[in-house]
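Both ligands and their constituent atoms are indexed starting at 1 by order of listing.
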Amino acid sequence: MPEPDAEPNLILIIDDSADTIRLLSGMLKDQGQILFATSGEMGIQLAQSRQPALILLDVEMTGMNGYEVCTALKADAATKECAVIIITAHTGMDSEIRALEAGAVDFITKPFNPPVVRARVQTHLRLQQHTAMMRQLANRDGLTGLYNRRCFDESLAQEFERHRRQHSPLALALIDIDHFKAYNDHYGHPQGDVCLQRVATAIDTVARRPGELVARYGGEEFVIILPHSDTHGARKYGERLCEVVRNLQLAHQASETADQVTISVGVASLVPSVESTTLQLIALADQALYQAKAAGRNRAIVSTRP
Ligand SMILES: [Mg+2]
């Protein structure tokens with residue numbers, strides 16, 4: 001899955017001194033919503049569940065120290081995008097280098113200079129917003145807002161490996177809008193874009209389980225990654241997709257299949273083995289999609305091949 005986006009302007013302070021937390025909260029209260037934790041262990045848990053944009057992290061703490069906490073945050077996919085500013089009473093190059101090596105973006109020394117603290121926090125919150133926007137642009141399809149092909153390829157490769165390790169079935173649903181070229185010819189490309197958006201939104205509502213990823217695969221093709229789904233589950237899923245698109249009741253006078261927009265769906269599921277590849281899974285779903293079209297479209301066909 002693509003990394004979760006951090007919550008904008010959520011700041012987490014991790015410090016074992018209640019006085020320091022109070023002091024920093026006072027300085028930063030205008031800059032965002034503030035959470036705090038009084039130990040590294042608690043801080044990590046809170047960061048995992050809330051994904052703050054920025055973490056102010058004390059170095060000198062009992063239990064895990066700040067460097068250890070920072071290293072752990074950076075090693076965890078759920079928290080590695082959080083920007084960490086290390087706070088310490090030690091000045092000097094050594095502690096600064098250690099902080100940066102642990103993955104911190106900046107370094108603040110005690111005693112605090114409030115305008116400096118505020119300025120640095122603001123800078124990093126802005127950078128985080130910018131990064132989140134760039135990530136969004138890199139992963140999403142501009143027209144439909146779904147994940148794009150690049151993001152799909154990466155996620156499929158990761159899920160394939162994960163399911164191989166877990167000996168669990170992974171399914172794909174390939175979706176194609178029936179007679180879409182005829183739709184564009186008849187209604188024009190601006191209306192064709194609206195059709196793509198409506199269908200994209202509809203199929204996205206079907207994907208609700210964690211880990212399911214809906215992407216635009218190409219022109220009028222979409223694809224859904226279905227974790228831990230066998231053939232039986234995938235078949236129901238494919239039928240549900242056809243149904244939600246029919247329920248849109250988008251007129252399609254140029255369709256040979258129905259008087260409204262319909263889709264064809266090819267579904268395949270396999271338990272990845274040492275020899276199998278993502279390309280095989282895609283090819284199976286593609287063959288099933290071809291069969292769905294050959295059988296009259298407006299239907300889901302599940303690959304019977306392993
Ligand atoms: Mg301390």
Side-chain angles (χ1 to χ4, degrees), residues 1-136 138-139 158 210:
M1 286 300 286
E3 280 96 30
D5 284 335
E7 258 188 73
N9 294 343
L10 187 62
I11 303 168
L12 169 62
I13 301 171
I14 308 176
D15 200 306
D16 60 357
S17 150
D19 286 341
T20 306
I21 289 175
R22 212 170 296 128
L23 196 62
L24 283 171
S25 303
M27 284 178 215
L28 302 174
K29 62 178 187 297
D30 301 337
Q31 297 192 319
Q33 191 197 340
I34 294 174
L35 301 170
F36 64 87
T38 51
S39 75
E41 290 81 355
M42 275 173 55
I44 289 172
Q45 275 185 19
L46 205 50
Q48 284 166 341
S49 62
R50 297 294 303 274
Q51 265 118 39
L54 188 61
I55 299 175
L56 297 180
L57 176 60
D58 182 28
V59 166
E60 293 87 17
M61 292 189 291
T62 48
M64 287 177 90
N65 70 38
Y67 300 123
E68 290 165 343
V69 173
C70 190
T71 304
L73 289 168
K74 291 293 144 185
D76 184 341
T79 53
K80 73 180 168 92
E81 304 297 334
C82 306
V84 178
I85 299 180
I86 291 262
I87 295 172
T88 175
H90 294 288
T91 51
M93 204 53 103
D94 281 355
S95 10
E96 209 160 323
I97 288 170
R98 260 190 98 180
L100 296 174
E101 277 176 354
V105 292
D106 209 346
F107 188 83
I108 294 177
T109 50
K110 289 192 262 197
F112 297 125
N113 177 333
V116 169
V117 173
R118 278 196 287 270
R120 292 205 172 171
V121 164
Q122 191 163 24
T123 298
H124 288 293
L125 284 175
R126 280 216 194 100
L127 281 171
Q128 282 293 89
Q129 279 172 4
H130 190 73
T131 308
M133 205 174 73
M134 296 307 286
R135 200 179 307 129
Q136 166 95 357
N139 284 335
Q158 284 169 13

Closest approach to the Mg ion (ligand 1) by Glu60, given as the N, O or S atom name: O
The Mg ion (ligand 1) to Asp16: nearest N/O/S atom name: OD1
Asp15 near the Mg ion (ligand 1): N/O/S under 2.8 Å: no
Distance-minimising heavy-atom pair for Ser25 and Ile34: O-CD1, 3.7 Å
Reference residue Leu46; test side-chain contact (heavy atoms from CB on, under 4.5 Å); the match among Leu35, Ile14, Thr79: Leu35
Name, closest N/O/S atom of Asp58 to the Mg ion (ligand 1): OD2
CA sep, side-chain torsions, deciding dist, call: Glu60, Thr88, side chain to side chain contact (heavy atoms under 4.5 Å, CB included): CA-CA 7 Å; Glu60 293 87 17; Thr88 175; 2.8 Å; yes
Ile87: which of Leu24, Val59, Thr109 passes side-chain contact (heavy atoms from CB on, under 4.5 Å): Leu24
